[in-house]
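Encoded as structure tokens, the structure appears first; notes follow it.
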2 protein chains.
Amino acid sequence: MPRSGEDARRRLQDAALALFRERGYDHTTTAEIAAQAGVTERTFFRHFPDKREVLFESQEKLATALTQAIAEAPQDLSPMAVLQRAFQQVAPRFEANRSYSLPRQELIERTPILKERETSKLGALSQTLAVSLERRGIDGFRAQLAARSGMAIFALVLDAWFKDPSRSLADYFSRAFVELGRL
Amino acid sequence: MPRSGEDARRRLQDAALALFRERGYDHTTTAEIAAQAGVTERTFFRHFPDKREVLFESQEKLATALTQAIAEAPQDLSPMAVLQRAFQQVAPRFEANRSYSLPRQELIERTPILKERETSKLGALSQTLAVSLERRGIDGFRAQLAARSGMAIFALVLDAWFKDPSRSLADYFSRAFVELGRL
DNA sequence: GTCTATACTGAGATAGAC
DNA sequence: GTCTATCTCAGTATAGAC
């Protein structure tokens, strides 16, 4: 059994998703997850501050990628155009990982306490986006408004794409931004 | 000690807010809240499914009011105009209760786990608004998009108004909807 | 790695309103 | 009598302290 922290971390994440899907989130104990991953319960809490967090590492990476994409966008783009560009840039992450992200999303949708954590993470993410937009010289209120509306689109588009992947994410994003302009 | 459930419920809510503000959310136990309200801990959990929920009854009422306002709006209004109208109609609730809602909001802002619950409640609320808009014949995707962007404005405006109440909520709402149009 | 506080649950008994 | 709010008791799991 390797003692590399990263390895144990991934085993914990895999075990958690598998067990949650099998028995449901609240009928799975952290002890069971740890056992299946070959570590002690204490190790679970060393890697993740609470039981839910084991499913949300991908969102941290997403935040980093989006922040970078916004910082690198051409200066003459409008706030919404910057966001649209950033979203398009991270879209491949989802399309490449549908076999992981879809079951994960299904689990989250049917588990209120996980849904709550996800919504909260998306809220924090929109806060991060707002800060990134402000760094480009956009005034605070507009940055917040753009970031929050942008995240609304982001969540909505992913949701639609999970349900019907026959259209590409890029396509969904384009249409959604056009729709928002019309409203 | 009266047996009316409503009375105990209100005592629990009052005790909870008072104690949370005094000692902080996580240094207050459900047993202490129950004791201060003159009931047992078990009774706390009969009224509220978890410790956080004791602070969120007002949001349920808000959802009802908004739903009704949307249903009653004139048929020729655009989705965003319907939302703007509904928000303006519920604004007085906040302005009349600033002495309650401001300390509550401050507590929520400085307590991550409460912030998480609030964000999640607002997400659920936007879902409710989307359904209300669909009932007016607006197509699903546009209804969702309008509802989420609308909630973004709602949260952002309330936040700004809590920080600076020198302008009216009506004023904040008008300006925010105009700003969104420009983005 | 061990120990403990506390959030939360379940089941059965009691008390008051009707 | 029914119904509902509450209490009592016993327990489990998470998370944090040591």
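Letters A, B, ... are given to chains in the order of the sequence lines, protein chains preceding strands, and every chain is numbered from 1.
Salt-bridge formation is not detected for the pair Lys121(A)/Glu118(A): no Lys NZ or Arg NE/NH1/NH2 atom is positioned less than 4.0 Å from an Asp or Glu carboxylate oxygen. For the pair Glu32(B) and Arg23(B), the salt-bridge criterion is met [side-chain N within less than 4.0 Å of a carboxylate O]. Taking a cutoff of 4.0 Å between a charged side-chain nitrogen and a carboxylate oxygen, Glu109(A) and Lys163(A) do not qualify as a salt bridge. Using a 4.0 Å cut-off between a side-chain N of Lys or Arg and a carboxylate O of Asp or Glu, Arg52(A) and Glu116(A) do not qualify as a salt bridge.
Residues of residues 42-59 of chain B having a heavy atom closer than 4.0 Å to DNA chain C, listed by number: Arg42(B), Phe45(B), Pro49(B), Asp50(B), Lys51(B).
Distance, His27(A) NE2 to dC8(C) P: 16 Å, rounded to whole Å. Atoms CG (Asp26(B)) and C1' (dA17(D)) sit 14 Å apart, rounded to a whole Å. Atom CD in Glu41(A) sits about 14 Å away from atom P in dT12(D), given to the nearest Å. Spacing between atom OH of Tyr25(B) and atom C1' of dA5(C) amounts to 15 Å, rounded to whole angstrom units. To the nearest angstrom, C1' of dA13(D) lies 16 Å from CG of Leu19(A).
Closest heavy-atom contact between Gln84(B) and Ser174(B): NE2-CA, 3.6 Å.
Note on Thr30(B): a side-chain N or O is less than 4.0 Å away from OP1 or OP2 of dA7(C).
Scanning for salt bridge (Lys or Arg N to Asp or Glu O under 4.0 Å) contacts around Arg167(B) gives Asp171(B), with sequence neighbours left out.
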